[in-house]
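Below is one structure, written out as structure tokens; the observations come after it.
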Amino acid sequence: MIEVRYERGVYLPQQNLWLDPWDAKPFAFISHAHNDHVAPHEEIIVSQRTARLLKSRLPGRRIEHILPFGEKRRVHGLDLMLLPAGHIFGSAQCFLFLGNETLLYTGDFKLRPGKSAEQVQWREADTLIMETTFGLSRYRFPPTQQVVDQIVSFCRETIEAGEVPVLLGYSLGKAQEILCSLDGVGLTPMLHGSVYQMTRIYEQLGQSFCKYVRYRANDVAGKVLICPPSANRSHMLERIPRKRVAMISGWAVDPNAVYRYQVDAAFPLSDHADYDDLIRYVDFVRPRRVFTLHGFAAAFACDLRARGVEAWALTEQNQMELHLSAADNALPVDPCAEVSRTAESTQGSFHKQVSDTRSEFLAFAKVGEAIAATPAKLEKIRLLSDYLRELTSEQLPVITTYFTGRAFAQSDPRTLQVGWSVIVRTLQGATKIDDAAFHSIAARHGDTGKTAFEVLDARTTPRPFTIVESRELFESLHRARGPLAKAQLLQDRFSISSAREGQYIVKILTGDLRIGLREGLVEEAIAKAFDVPLDQVKQANMLLGDIGETAALALRNEVHQAQLSLFRPIKCMLATPLPSAESVWQRFVDVGDVDGGSALATQPAIFLEDKFDGIRAQLHRSADRVEIYSRDLRRITGQFPELVDQATNFQEKLIVDGEIIAFEEGRRLTFFDLQKRLGRKSDGEDLFARAAADVPVAFVAFDLLWLNGESLLRTSLRERRARLSEVRLPPQFQIAKVVSARSAAEIEQAFRQARRHLNEGLMIKDPESLYLPGTRGMFWFKLKKELATLDVVVVAAELGHGKRNNVLSDYTFAVRDETTGGLLRIGKAYSGLTDAEIAELTEHFKQNTLADHGRYREVKPDIVLEVAFNSIQPSARHASGLALRFPRIKAIRRDKNVDSIDTLQYAHELAARDAQIQQSVSPEVA
DNA sequence: AGTGTCTGCCCC
DNA sequence: ATTCTGC
DNA sequence: GCAGAATGGGCAGACACT
């Protein structure tokens, strides 16, 4: 077989031929004239048009073997033929005849016909070396004409609105393709200097275009400006006040492209093959083996292997690195640009892979990266299940737990006590990075994991790290007492971790993997990996609260053995929030319910209960033991000793689901009173007395899950309720009253009643529904009270995190103090706005910044928001002395300005009213 | 001893 | 907790 | 419809600092 290597370019050692090398070489094939392919080689093979374009880009002297397309020639004893690649004008593939073997190197290529490039041609070959920039299944481009139509509409609408459309595309290739697309639609393109220059060369070589003009600053009105991406935010464009900028790039199919490129629109017109075309091309060429190059080379090779084609990645790159290197405003504006970064970071990928596998933890991190790189859930599951299958029985539970973003199992009460502060100090300590450099990196990301990656990169000397060692690290972090001791342990590890490993340690520490995969998908991956039924895996995980243990059972094919039993808490059934009684009723009326187990058609009554504002709790009782678990399956028995004490008086062994509320006959108690008890440590008798005396509680039961050895999960709510009503209750235990309703009006009435009783709202349940742990299904609904809203003005804005890293998504807002006329902060909110609105506000706040503190900026108070909330109460958190519970943005009030916002006095009135409502009525339970 | 900062599968 | 988004 | 991500306030505890 022909030997193929990669070292900043493809190299065929037996032929001593380089294919698109980055550095100057004695003898090379140059596929096309993009800048990253231009180096002062001594002797090159090129197509005629590429040779002409090269002349203008790199004038010097060299020996050129200019070959026409489709003719077999001999150069230095090598038989070869160039074929059009369809990528840009003059782009070529290189086909080699090597004894009885053939090899096809595509260079950059495209299958779809372009208007400014030769149509691609191919031949069958034994070895195919292909470019795979878009080698991920999410990169499927819409029909070209459709995209062109969108671009034309964008331009027309922009001009009609009196603004200037600006299209960004690489000056060689993309710009000319855009130009051709605008032919005959009645628009006048205006070309940026570099685009103009390239276009003139095209014309000299025989290509013709529609009428266009060269850029003139005072003549842009009514024209369509075509610029290279680097012109975005340049001086030239900033001089055009009213414009709309669109990026023209295959990357536009990424949903966040608009934010990444900081443009108004993005259209997926590409000069590369999309995923489907890459696959088709392999089918056409029928190779015995494939080498992939650039972009998602590894993922694509993997897909090909799944299709039975022998395939290997020559370069390895993933989306995360792309975003990282791109963060410093040098976004991957063009595939070519990003390819150069790839090559720099890759040196002999085969050797790299070998060294990777020596560090088990790095292998884990890489799987995480691969999962992050694809948005397709099935693909994520596939990647993870393939990996899980390779693990030993010792590694498996650890890794599956990591993939749920935890160091320890859910049911494991151990905590790490390591947060953002410790992580930051540790990263600095391990790398000796100076403050300024660190903060500039951190400010850029707003994501601790990514920050860790960049801070550690090239500042550590990595040593292999096994999975078992990683487990030991987390265990010792838990054992260490105090932030200093923890920081020391962590710092020692960071200093011998690769950047990628450090990033994943941080992700686990912060409990947030951010790879688009959570517990649900991990369960699916386990089911797939070990070929066991998904519902059994879910069931086992629900019962065990331990995904690692679940995976271990799956490996041994024993998942079915897990079952509901005392002192094994299960996740609780959740309710879907709905805005009105009418919408709730519609849900029940609309159900055409065949498989849901509902008999509403014959029994059109639904169950209503008050919704209590307390802590969801599951109580397990046997003859000699009582435990209480929180919604997160945490054991909270110690917090409520008096309930435990009373629960021994039950006659039955049982598991009940309910809510613990602060409650005393004739006293007004709220969730805040209850919360005072929550964090308290439970050691010693005096706590018992004090806690109980401070804030008395009651357990309001509303469901029965298990009774005297029998699981009731698969029986109807009606039946469970009937059984619950027969249970004799000890003091401090109550049963939530349930009533039937047959209309929206009855629901509305019950809701008002619940509010009068100081309760949070109303629960609406399907009486025939089964108990579905951990799911927010269509069987339970909740209706919560709507308080008055406040009109507030935004006074500060902050960059968000993760995918909101580049937008100002976090708003601090204020009310007016009438007595002083000043603005006083009252809260923060993000939720309620769409991405588009956030993008718009981001732009506005950037232009109206009063003081820029990096990620945080004070802004001119001119955006008025209507905010909703569940309650308002005194607090020291904000200057106003008030705080909102569950604040969310209802609307941007464009009709209002800072003079018409609500006052502090009004907010105080609302708070007083809130408190008064609660004072006037005592809560009702049964 | 008093105060401030950080943390929490915190609770909602 | 709430809300939006992509699958 | 679901799962995921990115966000809110308040509280007690633990430790570090003064």
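These figures come from a predicted structure and were not determined experimentally. Order of the sequence lines fixes the chain letters, A, B, ..., with proteins taken first and strands second; residue numbering starts at 1 for each chain.
Among the heavy atoms of the strands lying under 4.0 Å from A/Leu484 are primed sugar atoms or P, OP1, OP2 only; no base atom is included. At the heavy-atom level, A/Phe672 lies under 4.0 Å from the strands shown only through sugar-phosphate atoms. Residue contacts shown for A/Gly482 are limited to sugar-phosphate atoms, with no base heavy atom under 4.0 Å away. If you check every strand for non-hydrogen atoms under 4.0 Å, A/Ser875 touches sugar and phosphate atoms only. Using a 4.0 Å heavy-atom distance criterion, A/Leu633 is classed as making no nucleic acid contact. Backbone-only engagement by A/Arg888 is indicated by non-hydrogen atom pairs under 4.0 Å involving sugar-phosphate atoms exclusively. No engagement by A/Thr576 is indicated, since no non-hydrogen atom pair under 4.0 Å with the nucleic acid exists. Across all strands shown, A/Leu884 has heavy atoms under 4.0 Å from sugar-phosphate atoms exclusively, and none from any base.
In this structure, A/Phe134 and A/Trp251 have tilted ring planes: the angle between them lies in the 30° to 60° band.
One atom, CD1 of A/Ile371, and another, C1' of D/dG4, lie 14 Å apart when rounded to the nearest Å. At whole-Å resolution of the value, CG in A/Asn870 and P in C/dT3 are 9 Å apart. If you take CZ of A/Arg481 and C1' of D/dG13, they are 12 Å apart, rounded to a whole angstrom. A/Glu866 places its CD atom 13 Å from the P atom of C/dT3, with the value rounded to the nearest Å. In this structure, A/Lys828 atom NZ and C/dT3 atom C1' are separated by 17 Å, rounded to whole Å. Between A/His878 atom NE2 and D/dG9 atom C1' the separation is 7 Å, expressed in whole Å. Residue A/Leu534 contributes atom CG, which lies 10 Å from atom P of D/dA3 at whole-angstrom precision. Residue A/Arg804 contributes atom CZ, which lies 12 Å from atom P of D/dA5 at whole-angstrom precision.
Atom name P, nucleotides C/dG6 and B/dT3: the rounded distance is 50 Å, in whole Å. Comparing the C1' positions of D/dG8 and B/dG8 gives a spacing of 16 Å, expressed to the nearest Å. B/dT7 and D/dG10 have their C1' atoms separated by 13 Å, with the value rounded to a whole Å.
Remark: aromatic rings of A/Phe612 and A/Phe702 are distant, center separation not under 6.0 Å. Outside the 6.0 Å centre-distance limit, the rings of A/Tyr275 and A/Phe141 are not counted as a close aromatic pair.
Formation of a donor-acceptor pair under 3.5 Å by the A/Lys611 side chain with backbone atoms of A/Leu783 is not found in this model. The closest donor-acceptor contact from the side chain of A/Glu837 to the backbone of A/Thr834 lies under 3.5 Å. Between the side chain of A/Arg677 and the backbone N or O of A/Gln639, at least one donor-acceptor pair lies under 3.5 Å.
Between A/Asp276 and A/Arg140 a salt bridge is recorded (basic side-chain N to carboxylate O distance below 4.0 Å).
At least one side-chain nitrogen or oxygen of A/Ser809 sits closer than 4.0 Å to the OP1 or OP2 atom of D/dT7. An OP1 or OP2 oxygen of D/dG1 is reached within less than 4.0 angstrom by a side-chain nitrogen or oxygen of A/Arg587. Side-chain nitrogen and oxygen atoms of A/Lys782 include at least one within less than 4.0 Å of the OP1 or OP2 phosphate oxygen of C/dT2. A/His801 has no side-chain polar atom (N or O) that falls below the 4.0 Å cut-off from OP1 or OP2 of D/dA5. OP1 or OP2 of D/dG9 lies within a sub-4.0 Å distance of a side-chain N or O belonging to A/Arg877. The shortest distance between the side-chain N/O atoms of A/Arg518 and the OP1/OP2 oxygens of D/dG4 is not below 4.0 Å.
Annotation: side chain to side chain contact (heavy atoms under 4.5 Å, CB included) contacts of A/Ser583 (sequence neighbours excluded): A/Leu578, A/Pro579, A/Ser580. Under the side chain to side chain contact (heavy atoms under 4.5 Å, CB included) criterion, A/Thr426 pairs with A/Val422, A/Ala487, A/Leu490, A/Gln491, A/Phe494, sequence neighbours left out. Every side chain to side chain contact (heavy atoms under 4.5 Å, CB included) that A/Asp512 has, sequence neighbours left out, goes to A/Thr510, A/Arg514, A/Arg518.
Counting only heavy atoms from C-beta outward, the side chains of A/Phe640 and A/Phe699 never approach each other to under 4.5 Å. When side chains are defined from C-beta on, A/Glu519 counts as touching A/Arg406, because their heavy atoms get closer than 4.5 Å.
Among D/dG8, D/dC15, D/dC2, the nucleotide with an atom closest to any side-chain atom of A/Asp810 is D/dG8.
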Audit row: A/Arg804, A/Asp835, salt bridge (Lys or Arg N to Asp or Glu O under 4.0 Å) steps and yes/no: CA-CA 9 Å; A/Arg804 296 195 199 288; A/Asp835 288 355; 3.0 Å; yes
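Take the nearest nucleotide of DNA chain D for A/Tyr830 and for A/Pro483: the residue whose nucleotide is more 5' is A/Tyr830.
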Contact pattern, 5' to 3', of nucleotides 1-8 of chain B - B, S or - by protein heavy atom under 4.0 Å: -----SSS
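Closest approach of A/Val815 to A/Asp902, counting heavy atoms only: CB-O, 3.4 Å.
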I'd like a list of close polar pairs between nucleotides 10-12 of chain B and the protein, N/O only, cut-off under 3.5 Å.
| residue | atom | partner | partner atom | Å |
| --- | --- | --- | --- | --- |
| B/dC11 | O2 | A/Gln675 | NE2 | 3.3 |
| B/dC12 | OP1 | A/Arg616 | N | 3.3 |

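Stems are defined here as 3 or more consecutive Watson-Crick or G-U wobble pairs with pairing distances under 3.5 Å; those involving DNA chain D are B:1-8 with D:11-18, B:10-12 with D:8-10, C:1-7 with D:1-7.
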